[in-house]
Amino acid sequence: MATLDLFSSEPAQPDSAAHQRVQALREWLHAYGHAYYVLDAPVVPDAEYDRLFQELQALETAHPEWLTPDSPTQRVGGKPLDAFATVRHVVPMLSIRTETDTESTGAEAFDARVRKELELDAGDAPVEYVAELKFDGLAMSLRYEQGVLVQAATRGDGEYGEDVTQNIRTIGQIPLKLPAGVPAVLEVRGEVYMRRDDFEAMNEKQREKGEKTFVNPRNAAAGAVRQLDPGIAAQRPLSFFAYGLGEVTPTEQGGPAFSTHYAMLQTLKSWGFPVAAQVDIARGAPELIAYHQRIGAARDQLPYDIDGVVYKVNSLALQRQLGFITREPRWAVAHKYPAQEQITKVLGIDVQVGRTGKLTPVARLDPVFVGGTTVSNATLHNLFELRRKRVRVGDRAIVRRAGDVIPEVVGIVVATRPAYVPNFRMPRSCPICGSAVVREKTEMNHRCSGGLFCPAQRKQAILHYAQRRAVEVEGLGEKLVDQLVESNTIRTLPDLYKLGLSTLAALDRMAEKSAQNIVAALEKSKQTTLPRFLFGLGIRHVGEATAKELVRHFGTLDAIMDASEEALTGVSDVGPIVAKSLHTFFAQPHNREVVEQLRACGVTWPEGAPADAGPKPLAGKTLVLTGTLPTLGRDAAKDLIEAAGGKVSGSVSKKTHYVVAGAEAGSKLDKAQELGVPVLDEAGLLELLK
Ligand code: IVH
């Protein structure tokens with residue numbers, strides 16, 4: 001659990017009990033908010049936070065004279081503005097020189113310039129740098145006076161920016177109040193950004209409502225920050241990382257005396273600011289290059305967009321010695337990665353049929369290198385979004401691919417459209433099975449009405465069931481499923497378990513050994529868990545997390561199948577849409593039949609007590625898995641940890657409680673050793689789970 005002494009140094013007020021209560025509530029809420037938003041390690045349940053928050057709100061309503069701008073209640077609200085006021089940056093907000101080459105020469109050229117400027121010889125020691133991520137958001141300057149956030153300003157032209165304080169207050173990760181002992185004047189600079197998952201979820205909501213989507217997380221973040229109505233800004237999920245300072249009380253007047261950039265960042269962190277865990281010290285060009293490569297390889301796994309890394313000379317004395325050229329410091333450089341957006345030509349628009357029958361228009365593209373891979377197809381999501389973006393065959397389109405998110409067309413370059421091109425139309429019948437295409441009035445998506453009659457849906461349903469995160473049938477890939485469905489060998493899921501060696505071995509390009517492997521994998525898949533099975537059924541809106549919640553709540557499949565819509569909405573995470581989808585699914589006799597047949601084929605899971613009932617030895621603990629464990633698969637290990645109340649994270653930080661390392665563990669193991677995080681092997685993990 002996080003320690004909470006950060007904010008408890010406020011002098012006791014000799015005022016009324018009610019006023020003292022207000023102050024105590026604010027301190028608790030600041031500390032809980034910091035644990036939740038910045039450390040990502042909540043220390044109280046949400047309900048407790050809400051209760052204290054409401055109590056504070058009520059006291060402040062009764063005593064408006066006690067209201068202060070740093071109160072946690074002041075994050076939301078505020079009146080819409082007509083325009084933003086202008087703010088002058090006493091310390092200008094500079095830009096940094098960018099090395100656009102994506103290979104190593106960017107780092108070498110920078111190091112060479114620094115060494116030349118510092119008049120270092122080949123025999124002198126390597127220069128020490130701090131290597132950081134270059135976040136793809138917008139720069140922000142946060143001004144604190146006596147530890148209270150008084151102003152947030154955009155960069156603008158570097159000298160004059162806009163006062164966006166009202167909107168910035170709504171960002172939970174940005175402290176409104178700092179612990180005692182911070183400089184009287186403190187400007188913290190950093191990047192406001194939007195996480196990719198927040199961005200996707202926000203766009204998905206916009207799409208469902210048939211409203212305009214945002215082009216990319218950076219634009220969405222910039223739009224939110226420049227919203228004149230803070231009520232709207234408050235609904236946009238923004239985040240923040242600190243990476244520097246602006247105006248600060250000088251050392252002679254009691255201000256801080258940092259000697260390195262790295263120490264400054266660590267201090268900002270201790271004051272409650274989010275600082276990226278990837279900040280690292282690098283000596284000389286070779287270590288900069290290694291950092292560039294390491295982050296480049298991990299870029300897709302980061303939860304937010306970066307467009308490069310930044311190198312900064314660590315010593316602040318050397319930074320001063322190096323100084324500036326016009327508007328750029330000589331002591332820092334940005335080193336880019338391949339762009340996540342590119343322009344290419346739309347060669348055609350195809351329609352794909354998904355697992356739930358959804359018809360997705362997909363742009364066939366002139367292949368283009370974007371976000372580190374070659375992309376030749378990009379989703380257009382649905383007819384309405386395609387129309388809003390005015391995409392037509394022959395257009396030059398802007399394609400985005402970031403992280404694991406499937407590539408999408410975010411817009412077109414209108415001016416370049418050739419002559420008249422007919423608008424795209426959704427087919428009236430399914431391109432795969434010919435069934436009627438339907439769309440409900442309240443829905444944005446067109447669907448094939450063929451259900452499991454439609455081979456496209458059948459294939460997707462089987463692949464979904466057989467995937468690693470569901471029931472897992474190893475080796476049952478796309479090509480094999482195509483053959484099995486097209487030859488009509490498999491019509492419904494239970495047909496899978498009727499596959500014999502001879503049927504399989506008779507298939508095209510199927511060796512005897514591979515057929516044996518598939519049969520063995522099918523046999524193995526029969527021992528599963530209820531959440532995996534439920535997820536594997538492919539019920540609309542029921543993802544892995546929802547399946548787990550359902551099982552935690554109801555305990556058995558029969559209880560879930562027989563639950564009313566009302567009972568289903570009692571599960572956390574389950575809203576009316578999910579409840580309806582589940583209820584409709586299990587109301588259909590043929591779906592129940594599929595479940596019964598699968599059970600009859602021998603598919604089983606430990607059923608009975610809800611998963612919650614067991615002991616939770618790993619409650620509140622975060623673990624990271626790396627390398628190959630001797631017996632447990634990665635998913636199995638994850639399941640076990642989660643069942644024991646623990647969380648599995650993708651990256652090692654000081655917040656990590658244990659790293660579980662197997663054979664060929666890589667940089668995560670190094671990081672754990674560096675940070676002093678305990679490292680376990682598989683036996684150690686199993687011991688913990690007891
Ligand atoms: S340092 C004097 N560090 O990149 C140096 N900038 O032109 C000031 N950015 O828009 C900038 N991540 O908002 C710095 N780790 C990082 C950064 C970063 C992103 C942005 C910054 C500005 C641009 C620099």
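Whatever order the structure lists them in is the order used to number ligands and atoms, beginning at 1.
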- Message: Under 4.0 Å, heavy-atom basis, I'd like to know which part of Lys134 is in contact with ligand 1: side chain, backbone, both or neither.
- Response: both

- Note on the structure: All heavy atoms of Glu408 vs all of Arg207, minimum pair found to be OE1-NH2, 4.0 Å

- Note on the structure: For atom 24 (C) of ligand 1, the closest protein heavy atom turns out to be Ile96 CG1, 3.1 Å

- Message: So, regarding Leu133 and ligand 1 (criterion: nitrogen or oxygen to nitrogen or oxygen, under 3.5 Å), is there a contact or not?
- Response: yes

- Which residue and heavy atom of the protein sit nearest atom 13 (O) of ligand 1, plus the separation: Glu191 OE1, 2.4 Å

- Item | Any side-chain heavy-atom pair of Lys134 and Tyr337 under 4.5 Å | no

- Query: Are Arg401 and Asp300 close enough for a salt bridge, meaning some N to O gap below 4.0 Å?
  - Reply: yes

- Message: Any heavy-atom pair between the side chains of Gln278 and Ile306 that's under 4.5 Å?
- Response: no

- Message: So if I count the atoms of ligand 1 from 1 in the order they appear, which ones are less than 4.0 Å from some heavy atom of Ser95?
- Response: 7 (O)

- Task: Select one of side chain, backbone, both or neither to describe which atoms of Thr98 lie under 4.0 Å from any atom of ligand 1, heavy atoms only.
- Result: neither

- Is a side-chain N or O of His335 found less than 3.5 angstrom from the main chain of Thr105, in a donor-acceptor match? no

- For atom 15 (N) of ligand 1, what's the nearest protein heavy atom and its distance? Glu132 OE1, 2.8 Å

- Which protein non-hydrogen atom lies closest to atom 10 (O) of ligand 1, naming both residue and atom, and how far is it? Ala139 CB, 4.1 Å

- Query: Just by modelled atom types, is the Tyr262 backbone N or O under 3.5 Å from a matching donor or acceptor in the Asn314 side chain?
  - Reply: yes

- How does Phe324 reach ligand 1, by side chain, by backbone, by both or by neither, if only non-hydrogen atoms under 4.0 Å count? neither

- Item | Closest approach of any protein heavy atom to atom 12 (N) of ligand 1, naming residue and atom | Phe135 N, 3.1 Å

- Heavy-atom nearest pair, Ala363 first then Val346, reads CB-CG1, 4.3 Å

- Query: With ring centroids as reference points, do Phe241 and Tyr193 lie under 6.0 angstrom apart?
  - Reply: yes

- Task: Note the single closest protein heavy atom to atom 8 (C) of ligand 1, along with its residue, its atom name and the distance in Å.
- Result: Leu94 O, 3.8 Å

- What is the closest protein heavy atom to atom 2 (C) of ligand 1, and at what distance does it sit? Pro329 CG, 3.6 Å

- Query: Can the ring centroids of Tyr129 and Phe110 be said to lie less than 6.0 angstrom from one another?
  - Reply: yes

- Query: Which is it for Lys312 and ligand 1 at heavy atoms under 4.0 Å: side chain, backbone, both or neither?
  - Reply: side chain

- Among Tyr193, Tyr243, Tyr311, Trp331, closest by heavy atom to atom 6 (N) of ligand 1 is Tyr243

